[in-house]
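Everything below concerns the one structure shown next.
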Amino acid sequence: MTPDLGPLDPFLGDPDDPAAMLDELDPTEPLTDEERAELESDLDEFMGFRRELEPLDIDGICIDCEDCGEPHYFGWDLMEGNLRNLLGQGQVNIHEPAFAPDPAAFVSWDYARGYTDALHAAARRR
């Protein structure tokens, strides 16, 4: 199993974890085969984004949150950890939001996809 790349939950192993009751109210359901395949595809695609964009000083991925309407910034390690935890545990670990991220240093998933698709298309034409 791939090690967890995200920060540890500060209440991990604490029998008095205040979030424990949330698990009882909304238990994590196992991933369906379709969900697992989609996540594996997302992880493969993400790793391609990282391989091409990290050397260009892009810090990670920005995702517009449907719940709050605000952009959320995920560094490469945190996003990879989230995807791997979803595959392994069916949920992501609790984590702190990025502190004062530079929005210009992050790209959207769609931008990353377009950029890497263009690189591959250019390589095929050579």
Side-chain angles (χ1 to χ4, degrees):
M1 181 172 175
T2 303
D4 173 35
L5 298 175
L8 289 178
D9 180 349
F11 292 100
L12 188 65
D14 183 345
D16 298 320
D17 181 351
M21 70 178 145
L22 296 176
D23 291 338
E24 295 168 10
L25 296 173
D26 189 19
T28 303
E29 297 292 325
L31 296 174
T32 65
D33 290 342
E34 183 177 320
E35 289 169 331
R36 179 167 295 288
E38 286 178 23
L39 275 170
E40 288 170 349
S41 176
D42 285 349
L43 180 59
D44 286 344
E45 186 175 37
F46 170 80
M47 295 306 290
F49 299 164
R50 184 175 189 171
R51 195 170 32 259
E52 299 296 343
L53 294 168
E54 190 172 29
L56 302 175
D57 293 328
I58 300 297
D59 291 342
I61 297 288
C62 175
I63 297 175
D64 290 326
C65 180
E66 293 178 16
D67 293 334
C68 71
E70 297 290 323
H72 291 233
Y73 299 93
F74 296 89
W76 297 116
D77 289 340
L78 181 57
M79 189 65 178
E80 182 179 347
N82 282 348
L83 290 169
R84 291 190 187 282
N85 284 337
L86 278 171
L87 277 168
Q89 303 169 13
Q91 62 186 10
V92 297
N93 286 340
I94 297 170
H95 60 272
E96 292 294 320
F99 178 74
D102 175 6
F106 291 80
V107 296
S108 71
W109 194 278
D110 288 339
Y111 179 95
R113 179 180 287 145
Y115 183 86
T116 55
D117 285 350
L119 285 177
H120 295 140
R124 284 191 301 271
R125 278 183 279 187
R126 287 188 211 136

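- With rounding to the nearest 0.5 Å, the separation of CG in D44 from CG in L39 is 11.0 Å.
- Salt bridge status for R50 with D77: present, with a side-chain N to carboxylate O gap under 4.0 Å.
- In this structure, the side chain of S41 does not engage the main chain of A37 through any donor-acceptor pair within 3.5 Å.
- If you take CE on M79 and CE on M47, they are separated by 12.0 Å, rounding to the nearest 0.5 Å.
- Between C62 and F106, the shortest heavy-atom contact is CB-CB, 4.0 Å.
- Residues L31 and R36 approach most closely at CD1-NH2, 3.9 Å, considering heavy atoms.
- The aromatic rings of W109 and F49 stand perpendicular to each other, their planes meeting at an angle above 60°, with 30° marking the opposite boundary.
- How far CG of L83 is from CG of N85: 9.0 Å, rounded to the nearest 0.5 Å.
- Between N82 and F74, the closest side-chain pair of non-hydrogen atoms falls below 4.5 Å.
- In this structure, the side chains of I58 and Y111 stay at 4.5 Å or more apart for every pair of heavy atoms.
- Contact detail for T116 and G48: the closest heavy-atom pair is CG2-O, 4.1 Å.
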Intermediate values then yes/no, side chain to side chain contact (heavy atoms under 4.5 Å, CB included), Y115 and V107: CA-CA 10 Å; Y115 183 86; V107 296; over 6 Å; no
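- Atom CD1 of I61 is separated from atom CG of L78 by 12.0 Å, given to the nearest 0.5 angstrom.
- Taking 4.5 Å as the limit, every side-chain heavy atom of I63 sits out of range of all side-chain heavy atoms of Y73.
- Interatomic distance, R84 CZ to Q89 CD, rounded to the nearest 0.5 Å: 13.0 Å.
- Listed by first and then second residue, the salt bridge (Lys or Arg N to Asp or Glu O under 4.0 Å) pairs that reach into residues 98-121 are E45-R113, D110-R113, sequence neighbours excluded.
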